[in-house]
Amino acid sequence: MTAGSQQNERIGVLIAVASSAFGGTAAAVTRYAIGAADPVTLAAFRFGIGVLVLAPLAMMLRSRLPRGRDRIGAGLLGVMFFAVFFVFYNIALSYTTTARGALALSTLPLWTMVVAALLGAEALTARKTSGVLIAVGGVALALLAGLAAAPAGAWRGDLVMIGATLCMAFYNVWSRPFIARSSPLGFVTISMGCGAACLVAIAGLRGGVAVTQSFAAAQWVALIYLGVFGGAAAFFLWVLALEKTTPTRVANTMTINPVAASLLAALIVDEPVGWTLVVGLIAVGTGIWLASSTARRTKKEQGQSPARISNAS
């Protein structure tokens, strides 16, 4: 791997960290707003607003949109992810706490590694596997105190979230070729637009939009935050990261998600955060660094061919 490609990989990981932080805060805001609207309507507002933000930017910047069959593929991925996944995501958070839901979602790196290996998109290495396991273990430790205070029946939400995470794992792996043939902004605009269109149609038919007539100012602020930061910003940054680095390295940053979710949830929905968060943060940082970096080359490796060195890392 050249110095330029290593730099690109590191930038991709940093972008993914920012995306995961936005996603984590969106989980806490979703938990706050889930009582005011049903899961479909909440997702419809989140990604409907997101598309309204992204579409003008895509046109203004003349971003390359998916074309031909790629447009169909991007649209189907958008329905699978932004519609199907996020409806189940919102259902999960209606049963469980923000911390538990985000902890279940943090299994995404493991699912993505498995899916990428099964589809032949990415080879597993001991270093990447160790990094992901350390990071996920750190999240489990950070949220251990929160698990003890879980509401009755929270296990339903945990199982729904883990199952839904498979959708995101396939999205991570399948979307990368489409992004490469178009652009990150163009791809996410088309895919989010198709998912949002399905959600808005279903919410409209079910009368879900009517509930907004009773919304207070705080609930409208929550919806706008979900659309702008939890929708447009988070997922533009996510696909931008997928363009620059591998699906597993991007997915590994999902361990930031429950940390950000727990911190904000402690402020807005009074969910407790234990002292183990600090220890967990150290483990998360170690895991992300390990999985997103390459091993230092030995003198023996420096004398090998580039192909053999690449295979070794």
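FYI, side chains are in, hydrogens and waters are out, and symmetry mates aren't considered; it's all heavy atoms of this structure. All values reported here derive from a predicted model rather than from experimental measurement.
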Worksheet item: When rounded to the nearest 0.5 angstrom, what is the spacing between CZ in Phe86 and SG in Cys167?
Response: 10.5 Å
Discussion item. Just so I know, are the side chains of Phe187 and Glu243 near enough to count as touching, which here means a heavy-atom distance under 4.5 Å?
Written reply: no
Item to complete: Locate the shortest heavy-atom distance separating Pro66 from Ala74; write the atom from each residue and the value.
Response: CG-CB, 4.0 Å
Practice prompt. Work out which heavy atom in Ile268 is nearest to a heavy atom in Ala28; give both atom names and the distance.
Written response: CD1-O, 3.6 Å
Fill in: Any Met80 side-chain heavy atom under 4.5 Å of Phe85 side chain
no
Worksheet item: Are Leu42 and Val79 joined in one hydrophobic group, where the rule is that I, L, V, M, F, W and Y side chains link up if heavy atoms are under 4.5 Å apart?
Response: no
Worksheet item: What distance separates Arg71 CZ from Phe178 CZ, expressed to the nearest 0.5 Å?
Response: 13.0 Å
Worksheet item: Counting N and O atoms only, with roles assigned by atom type, does the side chain of Ser262 sit under 3.5 Å from a partner on the main chain of Pro258, one being a donor and the other an acceptor?
Response: yes
Worksheet item: Considering only heavy atoms from C-beta outward, does the side chain of Met192 approach that of Leu54 to under 4.5 Å?
Response: yes
Worksheet entry | Nearest-0.5 Å distance, OH of residue Tyr95 to CG of residue Asp158 | 12.5 Å
Practice prompt. Would you name the heavy atoms of Ala169 and Val115 that are closest together and state the gap between them?
Written response: CB-CG2, 4.0 Å
Worksheet item: Rounded to the nearest 0.5 Å, what separation is found between the CE atom of Met60 and the CG atom of Leu185?
Response: 9.5 Å
Item to complete: Determine, using the 4.5 Å side-chain heavy-atom cutoff (strictly less than), whether Val269 and Leu105 are members of one ILVMFWY cluster.
Response: yes
Worksheet item: So Val200 and Phe45, side-chain contact (heavy atoms from CB on, under 4.5 Å) or not? Walk me through it.
Response: CA-CA 8 Å; Val200 170; Phe45 272 98; over 6 Å; no
Fill in: Side chain to side chain, Phe170 and Ser175, heavy atoms closer than 4.5 Å
no
Discussion item. Does any part of the side chain of Thr129, heavy atoms only, come nearer than 4.5 Å to the side chain of Thr125, both counted from C-beta?
Written reply: no
Distance-only criterion, 3.5 Å: show the donor-acceptor pairs between side-chain atoms of residues 224-241 and protein atoms not counting sequence neighbours.
residue	atom	partner	partner atom	Å
Tyr225	OH	Thr25	OG1	2.7
Trp238	NE1	Asn172	OD1	2.8

Item to complete: Report the C-alpha distance between Arg156 and Thr96 in whole Å, list the side-chain angles of each, state the deciding distance to 0.1 Å, and finish with yes or no for side-chain contact (heavy atoms from CB on, under 4.5 Å).
Response: CA-CA 8 Å; Arg156 296 184 179 91; Thr96 190; over 6 Å; no
Worksheet item: Would Ser20 and Thr253 count as having a side-chain donor-acceptor pair, cut-off 3.5 Å?
Response: yes
Discussion item. According to a hydrophobic-cluster definition based on side-chain heavy atoms being under 4.5 Å apart (Ile, Leu, Val, Met, Phe, Trp, Tyr only), do Trp155 and Phe88 belong together?
Written reply: no
Worksheet item: Should Leu77 and Trp174 count as side-chain neighbours, where that means a heavy-atom distance under 4.5 Å?
Response: yes
Practice prompt. Ignoring hydrogens and angles, tell me if any N or O in the side chain of Ser94 forms a donor-acceptor pair with the backbone of Ile91 under 3.5 Å.
Written response: yes
Worksheet item: Is there side-chain contact between Arg176 and Pro247, with heavy atoms separated by less than 4.5 Å?
Response: yes
Worksheet entry | Shortest non-hydrogen separation from Ala58 to Thr189 and the atoms involved | CB-OG1, 3.8 Å
Discussion item. Any side-chain to backbone donor/acceptor pair from Ser183 onto Arg64? Under 3.5 Å, distance only.
Written reply: yes
Fill in: Distance (rounded to the nearest 0.5 Å) between Met161 CE and Leu159 CG
11.5 Å
Discussion item. To check you understand the geometry: which heavy-atom pair defines the closest contact between Ser63 and Gly186, and what is its length?
Written reply: CB-N, 4.0 Å
Discussion item. Between Glu9 and Arg249, does any side-chain N to carboxylate O distance fall below 4.0 Å?
Written reply: yes
Worksheet item: Which heavy atom in Ala261 sits nearest to a heavy atom in Ala102, and how many Å separate them?
Response: CB-CB, 4.1 Å
Discussion item. Between Ile256 and Val17, does the side-chain contact (heavy atoms from CB on, under 4.5 Å) criterion hold? Intermediate values first, please.
Written reply: CA-CA 7 Å; Ile256 291 295; Val17 166; 4.2 Å; yes
Item to complete: Give a yes or no on whether the backbone of Leu93 and the side-chain of Arg31 come within a donor-acceptor separation of less than 3.5 Å.
Response: yes
Worksheet item: Just by distance, do the side chain of Thr41 and the backbone of Ala37 share a donor-acceptor pair under 3.5 Å?
Response: no
Worksheet item: Checking side-chain contact (heavy atoms from CB on, under 4.5 Å) for the pair Met254/Met168: CA distance, chi angles, key distance, verdict?
Response: CA-CA 11 Å; Met254 185 58 73; Met168 193 170 185; 3.5 Å; yes
Worksheet item: Does some side-chain heavy atom of Lys244 sit less than 4.5 Å from a side-chain heavy atom of Ile15?
Response: yes
Worksheet, complete the sentence: To the nearest 0.5 Å, atom SG of Cys194 lies from atom CZ of Phe82 at 10.5 Å
Worksheet item: Given the rule that I, L, V, M, F, W and Y join up when any side-chain heavy atoms are under 4.5 Å apart, are Ile34 and Val221 in one cluster?
Response: no
Item to complete: Establish whether Leu57 and Ile179 are linked, either directly or via other cluster members, by ILVMFWY side-chain heavy-atom contacts under 4.5 Å.
Response: yes
